[in-house]
Amino acid sequence: MEEHVREPCPWRIVDDCGGAFAMGCIGGSIFQFVKGFRNAPKGIGRRFQGSVTAIQQRAPVIGGNFAVWGGVFSVIDCSLVYMRKKEDPWNSIISGAATGGILAARNGVPTMIGSAVFGGCILALIEGVSILMNRFTADQMRQQSQVFEDPSVLGPSPNPYGSPPPYQQM
């Protein structure tokens, strides 16, 4: 089984910024394509032209917003790893809450608190699903390894000699 290990902390920030920018550009392109297609004048050529124009204008902005979110999140996450000396789901949850609050600071304290709660809840859901998936796959791997170690759980062999039937000629 392949183990996925993240980059060490200083490089993780750049890695997360780039990944978030790419994800924002791709998702933003899809969203802007549909939006530009729907809002363009009638005619298939005009609709595709409207889609391309919307993608060119808005997808890089959405990608940049995602990159800022990913960068702030990674900086806070790396700071928490450094201060707490351990890497666990609480770092991500706290980072999500802090990132939501920091990025909403321009809109006032009530919005900042709401965004922080929302960011923390989203990251808690993501971490919870991740933990559940890890436990589920670990249980499956444990069951498979049990079958390989003890062939008696497979039941009796259909051939009493334990080998395939001999070749029959016609």
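Numbers here are sequence positions counted from 1. As a basis for the values below, the full set of heavy atoms in this structure was taken, side chains included, without hydrogen atoms, waters or symmetry mates. Every value quoted in this text rests on a predicted model; they were computed, and no experiment measured them.
When atom types are taken as modelled, the side chain of Ser51 and the backbone of Phe37 share a donor-acceptor pair closer than 3.5 angstrom. Of the possible polar contacts, one joining the Asn39 side chain to the Lys35 backbone as a donor-acceptor pair under 3.5 Å is found. A distance-only check finds no donor-acceptor pair linking the side chain of Ser115 to the backbone of Met112 [under 3.5 Å].
More than 12 heavy atoms of other shown residues, nucleotides or ligands fall within 6.0 angstrom of atom CZ in Arg84. For NZ of Lys85, the number of neighbouring non-hydrogen atoms (other residues, nucleotides, ligands) closer than 6.0 Å is greater than 12. Heavy-atom neighbours of Gln49 CD from other residues, nucleotides or ligands within 6.0 Å: at or below the threshold of 12.
Pairing each heavy atom of Glu87 with each of Arg12, the nearest pair is OE2-NH2, 3.1 Å.
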| side-chain contact (heavy atoms from CB on, under 4.5 Å) between Leu80 and Ser95, worked out | CA-CA 8 Å; Leu80 287 172; Ser95 298; 3.6 Å; yes
| Residue pair Ile126, Ser92: steps toward the side-chain contact (heavy atoms from CB on, under 4.5 Å) verdict | CA-CA 9 Å; Ile126 291 170; Ser92 295; over 6 Å; no
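Atoms CG and OG, from Leu123 and Ser130 in turn, are 11.0 Å apart once rounded to the nearest 0.5 Å. Interatomic distance, SG of Cys9 versus CG of Asp15, reported as 11.5 Å (0.5 Å rounding). With rounding to the nearest 0.5 angstrom, the CE atom of Met83 is 9.0 Å from the CG atom of Asn91. Rounding to the nearest 0.5 Å gives a distance of 11.5 Å between CD1 of Ile94 and OG1 of Thr99. Going from atom CZ of Phe31 over to atom CD1 of Ile62 covers 7.0 Å, rounded to the nearest 0.5 Å. If you take CD on Gln57 and CD1 on Ile55, they are separated by 11.0 Å, rounding to the nearest 0.5 Å.
Separation of the Phe66 and Phe21 ring centroids does not fall under the 6.0 Å cut-off.
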